[in-house]
Every structure is written in structure tokens, then in C-alpha cells.
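So that the names make sense, note that chain A is the first sequence line, chain B the second, and so on, each numbered from 1.
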Amino acid sequence: MEGLLNASSTMLFTAFILYLVATLFFGATIKEKNSEQKKSGFAGKLAITLTILGLVAQLIYFITRWMASGHAPVSNMFEFVTFLGMCLVLAFIIIYLIYKLNILGLFALPIAMIFIAYASVFPTEIAPLVPSLKSYWLYIHVTTVALGSGILFVSFVAGLMYLIRQVDQRKRDARVVSLEVVLYFIFLLLGFILISSVFSAMNYSAIFEYDLNGKRVMTEYELPAIAAPNESTLVTEGVMKPWFETPSWMQGSHAGRKFNSVIWSMVVGSALYGLTRLLLRKRVGAAISPLLKKVNPELLDEINYRAVAIGFPIFTLGGLIFASIWAQEAWGRFWGWDPKEVWALITWFFYAAYLHLRLSRGWHGEKSAWLAIIGFGIILFNLIVVNLVIAGLHSYA
Amino acid sequence: MKHIKCECGHVNPEGTVLCEACGKPIEGNQHIDGNDKKKLLNMRYEGSARRSTTFNKSIVDKVWSFFSSVKVGVWLIVIALIASGIGTILPLEQYIPANAISRDPAIFYPETYGLFGKVYYQLGFHNLYSSWWYLIILASIGVSLVICSIDRFVPLYRALKRQKAKRHESFINRQRFYSQTEVVSQEEINTVKKRLQKQRYRIKEENGHIVAEKGRFSRWGPYVNHIGLIIILIAALLRTTSFFYLSEYVWVRDGELTVIPGTDSEYYIENKKFILDTYDINDKRFKDALAKEGRIIPSNFQTNVTIFKAEEPEVIGVEEDLVKINDFEIRMNEPAKFGGYILYQQGYQINEFSKMTFKIYQLNDPEAEALGEFTVDLFDPKTEYEIDSEFRVEVVEYYPDYTLTEDQVRSKTKDSNNPAFVFNLYPPGSEDAEISFVGDVIGSAEDLGIDTSAVDLQPMGNVIGSFAPSIDPTGENQYRILIDSIEFDRKSGLSIKRDYTIPFFVLGTLIFMIGVIQGMYWQHRRIWIHPKKEGILLAAHTNKNWFGLKKDIEKVIDGTSIQMVEEQKEDD
Ligand code: HEM
């Protein structure tokens, strides 16, 4: 049992390292003359091989953890986000095999790795399944949603690369600024991961007590409290005193702790971003764009669309159809307007709009790229905000 | 109708942009698809004549054009998207938590979310998804789907069916993929043809003009998927009627036999046993997570039931017979199915209070014997209890499901989940009553660290009652009322559904998925070879995946003198 679980974590770590090395080799392909496509050089072949090995390692993580816990490891935030990371890599491999565009790896893999790192911020204990989750439809639903999201993620990456390549960095206009904001968000996520790992390595803990619906409850902060829960008292001694309280309109369990994490991510992420800007002496987008000079923007646009064309049906199947079948089995209602469901519907509407705009109104290139970015933004919103904030308001399942 | 005859001899319907047969742009209609301002031809619907772009006079024409416009369709989708998002900002009425200040939306929203909540409630957003305007948006999407599909399908079908291998030169050289080769041998053309066939292109020839085509059926994908969507929308409409969709809820106590609501008294259910299993806190696998969670987590809850059917009695007036249908073990994710109905395990209450016995004691007399005793049947509480010893107890307030919030005392539900009483006690011969508060057993059990949602209280019914408070608010009482014993019931909450719309949803979804996959995973590719003196013009078109088409062409002309197609761009 313990052995299995240890093996499992080791494999996850191995996968992470393999992805990292693969990214370096994808980076090395930029120097090769024939970077566009077709017969890729040695570095490219090595890079994709390493990526596939990484995926295999992660698959072993998945299987061993399944064996240890007795259920598919997709049942809490840590497990699901890790699995999503795996699907992002899988989706990247699929699209890579079609288009053989090495530089795609240089962008897709690091972002997939950020997801895996983000997952590890959540509690990693194996959690028991509550009765409503005990259904094989859960596995079918979750795996198809994750795969669909993974492929839509590739569309996001292609869109991002397109914009970095095409947006003119010489003048400072709305497009440049918006693109920079997207990149800044990645820094915020990095900031969150960084600060969380630092304090969790130190085993930091500060416990607060506060009233929730007339009951005294406790919440544990794993980051020093800048914002305490509303009307709370600090129980732990010898830790940093909070600077202020979370406003009372932020409701739900652990609202204070989540708000505190957001503040920390802003602070650390902005510091990281500022430091990067200082070192680069230009916008991050401007610094990356030379890497993409040799890439054919039409090809990026094509990948963007193709990924949506492949991902949309899979997402529909997993996020709407399998989800409804499962809800029907569990609760006897295949659709209940639960926030999670509604946001899946919104995602679906959005990509339907994307397809129609592209097909019938000729929204290609830059417009398509922006839509791909917003679309994946909605998926992330559903994953992070709805899971951690909105759904927390509901005493549901 | 005005018909337009093309120089190739084909007669096209009014409004045609590109001749159905040879593709020659038809003079005077080029503005319709915007070809007049572009170098490349708009190939969207093969330049066929669509009703929406041809007629625009009568009001019917205007409505038709409106709903067949993709611009309008996308706007409708975007509006539906934004509206759906608004509905998730605050919980819907049906998701107001059981322990909220009040389940009355008029109180819940303003109290919990302040002014924003008040406005949200007054705008009706707490029921957004069943509001008339949301339904109108969805219905408009439906209308738009029907009209846009009809508008395009027929002309597109005609155009694709009538297309000829021989295309007008101005059609060929205004394609996105295009090349010119001065000299090409017949042999090379034959090789190309063979290779095209090998790649499963269908080839049509006419005086040396060639069109190679594959995946045409994928063009019907959008229409197929839209039909699926329309079926889904119709099913959703049907579902609002009680014939197609029935949903009821029933609570059944252990051992109880009761009629199943919604079945016209046709079916009965007997709750043989309700079972609640919880995770063992010492389970190696889950130890850490359970410790962190700090409460008991159920692993399974199930109701073992027998379903009976009521048979019409042969003699009128005689009681009907119950005939056993089957035994079921109903669990979460494992509903019971019988006679078109489905029974789902939904909730449970393992500590429902059924009877409470109280005893009256003299205050400040620890050794005292009980002076009187009375039992309250919580399913049928009385307003007054006369006791042999001539005490009289009046029930002033009864909270079946007592809770104390910041500023008020109230009952969360009407079920006796945590009874509390305010009694007026009239001592023998006295006209003046003593007031006392007794109850909130659950509150005191939880203070003792018992998780009352997962632990049976029945075995400790007598002990647990003695921990419950008995409060003398005036401080002048001579007597006090204490809980002596409690009896609990366990009950299981089951929902009953009968849904005749499911087959429609399944059908609609199936058709939708087939259509989407058909349109997305296949592509319609065409390659034209247009002979010119010694050489040829080569052109190609696809509705998506130009990369794949390019690879196809590269393969078929590999090693021949034919020029690879160039990607033509707009000059602007
Ligand atoms: C949420 C609702 C809708 C969904 C999920 C949907 C789905 C689709 C899909 C997947 C395609 C194929 C796109 C592609 O091949 O890239 C398509 C095409 C199309 N849709 Fe929709 N659609 C919806 C609503 C509408 C509405 C309201 C209209 C009304 C104007 C519309 C008009 C069209 C048209 C004209 C096409 C192109 C057909 C063709 O290429 O021949 N759709 N739709």
C-alpha cells in the first residue's frame, strides 16, 4: 500500500522531470534550420520521445494510485488537475503527430507542467469516495472532459503563439496590452504555486476560528494570513498577525483562506513579473516573439481551428452528454442548473459561437486566436473559480 | 421566378452567385457573397441561391432573413451564454441551503447578500433558467436553427449535385489553392488520377476536365447536428408537461408501507431496512484524509424495499390487494426501476424524533422523585397535556427542527429533527404558570462531539436526553421539566421519476453527435484539373483542414512536372 503510493509519487515526479527535459530539447529545435515542419531533426525526435516517456511515467503514476486507493484517481482537486495535466500532454502529442511543429512543444509543455505543479498545491491524501461519486460514469465523464479540455488547450496554445508572433510589439495599443495581461496571468499562477510550495515545505499553519451559520468552525491557513476570515480569532500562537479581515460579503466555507491565497498570488506573481520585466527590459510578449519568427502564422491558425474541431465534439460528449447520463443515474435529473453544469454549457455555447464566427463570418487569424484564449479561460474559470468559489456557496453533494 | 441561364447552358434559380454547374460567377449577383470586392471567391454555400439573400420584400422575407443570419444566430448564442452566467452568481432558489437564514427567497437573498441580493431577487434571477425571457432566447435559437438550416440545405444540395467536372476558368483561378503549369503530359495526368483514386477521391471527367472529390457527406454534418439540437429543444419543451415528466419525493420510515406519490395509488413501497455505512476511520488508505476532514463520511446509503402493485379488487368496495412486484436495494447511482417509474435514493434522516417522554421534578431537590410524566408524540403533538398528578402542561411554542441563529430562534424544517419546546407548567391547583424551555438534544449531542448525521442516537436515547438543556428563563420556577427518554425513527428519502422525454433526448443527442463528428472529423475536399493548351490549371478547395488538403496534393503530384498549388491571398 505505502509502497505503491510511494512508487506512484515517484512516477509523477519522474514524468515532471521528463517533460522539463523534453521542453529543453523542443527549445533546441529553434536553432535547426528546418524548424517549420516535415522531417524534424534529431532534437525534435528526442524531444517528442521524452514527452511520450513522460506520459508513460504519468500513466504509471495514475495506475498505481488507482491500485492503492481502489478508485480512479480523479476524485479531488489534486487528482483531477494532475489528470488534466496528463490530458494536456496527451492532446499535445496527438496534435504534434499531425502537424510535427516542434515549437508547439516549447509552449505547450511548460504550461502543462504549470498545471501539474498547481495540482500539487492541493491536499494529496487519498480521499474516500462519497456515495454519489461511486459510479463508473464518473470515470467516463471525467476522462472525456479532461481529454476534450486538453485538446482545446492546444488550441489556446496555438492561439497564444499566433498572437505573440503577430501582434506588433512596437506600438503600445490595446492588443499588446491584452496579450501582456494573458501572460501576466500565467505569472500569477506561478506566483501562487511558488509561494504555496515554499510555505508548505516549512509546514506553515495558522488556525482561525469564526462563526459560520451559527456554528463555530476552524479554518487552517497554509500561508501567512494577510486577510483573516471575517470576524475571526487567531488561535495559533507565534505566527504573523493578519493585516485585515476578509469583507463579510465573501461567503462560504473558507472564503477568508481563499481570498488570502489570491492576495498572495497577486503579490508574488506581480513580483515575479516585475523582476522578469526588469531583466528583459521589454514586455514579456516582445521578448518571446523573436522565437516565433520562423513559424508560419497560417499554420498556427490552422492548428488553433483544428484543435477546436477535434476538441469540441469530445468536450460535448464528456462535459454535457456523459455528465447528464451520470446525473440521471445518481439524482434522477440529467440537468439541474448547478453552477458547474451551467459553466460547461457556457463553454459549449462559446465554442459553438467560435465555430460559427469562423466558418460563416470569416473570423480567422487574430480574432480566432483571441477566441481560443477566452474559450480556454472559461474552462479554467470552471475548473478553478467555480470549484473553489461559486460551488462553495452551495451545500450540494 | 426569374431564372438565370449560364453560358454553359445550365439554368440557375434566381439569386445564384456561382453557376451550379460550371461555377462561373453570375454577373449582377456578385455583391451577395461579397465576391465583387475580393479576388478569391466565397465558396461558403457554393454560391447557391438562398432564399434569405434573394428575397427581401415582404415581412415573411424579412423574418426569414433575420433568423437565417448566422450573425443573429451567434448573437442569440452569446446572449444565452451571458444570461446563463448571470444565473450562477448567486445560488438558485432550489439550491438555497437547508441551514440558511430562511428558505423564503424574499428573505434569503437580501439577508445574505445585501442590496445586491435584493436586486438579484427582484429581477427574478433566482429562477433565471425558468424565466420567460430565458426560454424565449432558447426558443429563438431553435427557430433560428430551423430556418437557417432549411435556407441553406436545399440550395447547397442542388449545387453539389449539379456540379460538373468542367469548371469555368474564372472559377478555377479565383480559388485559394491554385497553380498553373505550362506543359503537362497525359501520362502525368493519369498518374495523378491513379494516385487520387488511391487516396479515395472520386473522380469525374469531362473532356479532359477533372474534378476529384472526397468527403462530401461531411458537408451535411452541420444540418444533421442542428436537427439533433432541434429534437433536444422539443424534448425540453415536452418535459415541462406533467404527462411527459413526473417528479415526486417520498419519505419512508423503517418498516413503513406507504403509497408511492405520483403513481395514482398504483404502487406501494415498503421500507424493509435503511442502511448507512461509513468509512472506517482506521482504514489505512483514507486515514489521513478522514482525519483532516474531521467528520464521519458515509460510504454507502441504501434502502432495502419491496414494491407492491395494487390490484383492482374483483368485488367493488372490498380493499384492494397488494401484489408484490419485486425487492430492490436502492443505492446512490443504483436506482430501482419498475413499471415506467424510477426510484432514486436521495436523502436520509437517521435520527428523526418520534416520541419524547418528559418528567417533572421539584427544583433544588437532587434526590427527588418524579412528580409526573408525559409523552409527546412528535407526529401528533397536542397543545396541552393533563397529568394524573394534576399538573397541567401547555405547549406554548414547538420548534420541530430547532435552531438558534444570531438574532432569532426558529425551526429549520417542519420535520421533528431536533425538537424544542416552550412549556407553561401549571402546578396542581395553581392558575399561574411557570415557563420553561426544554429541547435541542441535537445541539447538546454535537457539543459532546457526536456527529448526529452519521451516528444512530437510538441506543443512547435515555442518556442523551439528560444532557439537553432545561432552561428557566424567569429564575423563579419551583419545578423543572426534564427529558426522560426519546425514541427515534430512521427514514429514507426517495425520489420518484417518470420521464418519457428521455428517448427524445437520447435520440437528439445521438443525432447531434453524429452530425458534429461527421462535420468535424471528415472534410469535403475537391481538386480540379483544368486543361489549357499544353498545360493545366490546378485548383483545390476544402471546407476545413487546408493543411491536410495540401498534403494530399503534394502526394499526388510528387515527381510530376505539375506545379504545387500556391496559397492565394487577398491583395489588401
Ligand atoms: C448552440 C447552438 C448551436 C450549435 C451547438 C451549433 C453547432 C454547429 C456546428 C458544430 C457547426 C459546424 C461548424 C464547423 O463545421 O466548423 C455548425 C454550422 C452552422 N451553424 Fe450551427 N449550431 C448552433 C446554432 C446555430 C444557430 C442558432 C444558427 C442560426 C443562424 C446556426 C447556423 C449554422 C450555419 C449556417 C452553419 C454552417 C453550415 C454549413 O457550413 O453549411 N447554428 N453549427
Side-chain angles (χ1 to χ4, degrees), chain A residues 1-2 68-70 98-99 123 125-132 134-135 137 211 213-214 249 251 298-299 302-303 305-306 309-310 312-313 316-317 320-321 324 326 328-334 336-339 342-343 345-346 349-350 352-353 356-357 359-361 386 390 393-396, chain B residues 44 70-71 73-74 77-78 80-81 84-85 87-92 95 97-100 112-114 116 129 247 279 283-286 288-290 292-293 297-301 331-333 335 342 344 346 403-406 495 497 502 505 509 512-513 516-517 520-521 544-547 567:
Chain A
M1 235 300 297
E2 287 289 304
S69 69
I98 301 178
Y99 291 98
E125 293 95 3
I126 293 180
L129 279 189
V130 295
S132 64
K134 286 189 172 171
S135 163
W137 281 108
D211 278 328
N213 295 323
W249 53 264
Q251 300 266 333
E298 307 270 329
L299 183 63
E302 165 99 24
I303 294 176
Y305 176 45
R306 199 66 199 293
I310 299 174
F312 179 74
T316 310
L317 199 64
L320 297 170
I321 300 175
S324 314
W326 175 35
Q328 177 70 19
E329 282 298 304
W331 296 290
R333 56 157 200 63
F334 56 89
W337 298 107
D338 168 77
V342 176
W343 278 93
L345 180 71
I346 291 175
F349 274 148
F350 184 86
H356 288 93
L357 287 170
L359 199 63
S360 301
R361 315 243 8 119
V386 175
I390 298 188
L393 294 172
H394 301 253
S395 61
Y396 160 71
Chain B
R44 201 67 280 282
V70 175
K71 204 178 189 169
V74 171
I77 293 176
V78 171
L81 179 161
S84 307
T88 62
I89 299 176
L90 297 184
L92 293 179
Y95 291 127
N99 58 3
T112 320
Y113 304 103
F116 179 74
Y129 304 111
S247 169
Y279 283 100
D283 186 320
K284 282 201 304 275
R285 289 174 299 175
F286 306 131
D288 297 343
L290 287 169
K292 206 167 214 174
E293 193 75 24
I297 297 183
S299 60
N300 171 42
F301 48 102
R331 289 185 196 89
M332 202 84 200
N333 284 308
I342 308 184
Y344 295 89
Q346 295 252 279
T403 182
L404 177 69
T405 53
E406 268 167 43
S495 68
K497 309 264 168 160
I502 299 273
F505 279 105
T509 322
F512 174 76
M513 278 315 291
V516 175
I517 290 176
M520 295 297 191
Y521 291 0
K544 55 175 64 97
N545 192 3
W546 294 84
F547 181 79
E567 197 157 344

Original post:
How long is the gap from CD on B:Q346 to CZ on B:F301, to the nearest 0.5 Å?
Top reply: 8.5 Å
Original post:
Can you tell me how far the CE atom of B:M520 sits from the CZ atom of A:F312, to the nearest 0.5 Å?
Top reply: 6.0 Å
4.5 Å side-chain heavy-atom contact, [X] and [Y]:
X      : Y      : value
A:W326 : B:N333 : yes
A:E329 : A:F334 : no
A:V342 : B:L92  : no
B:N300 : B:M332 : no

**OP:** Go through B:S247, B:S84, B:G73 and name the one with the most non-hydrogen pairs under 4.5 angstrom from chain A.
**Re:**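 Looking at each option in turn, the highest pair count goes to B:S84.
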Subject >> Partner chain A: residue of B:Y344, B:F116, B:F505, B:F512 with the largest heavy-atom pair count (under 4.5 Å) >> reply: B:Y344
Contacting moiety of [X], where chain B heavy atoms sit under 4.5 Å:
X      : value
A:E298 : side chain
A:L345 : side chain
A:I303 : neither

Below 4.5 Å, heavy-atom pairs only: which of [options] has the largest tally toward chain B?
options                : value
A:G336, A:S324, A:P128 : A:P128
A:F349, A:F350, A:W337 : A:W337
A:A353, A:A309, A:A352 : A:A309
A:L359, A:T316, A:L320 : A:L359

Original post:
Closest approach of A:R306 and A:Y99, non-hydrogen atoms and distance?
Top reply: CG-OH, 3.1 Å
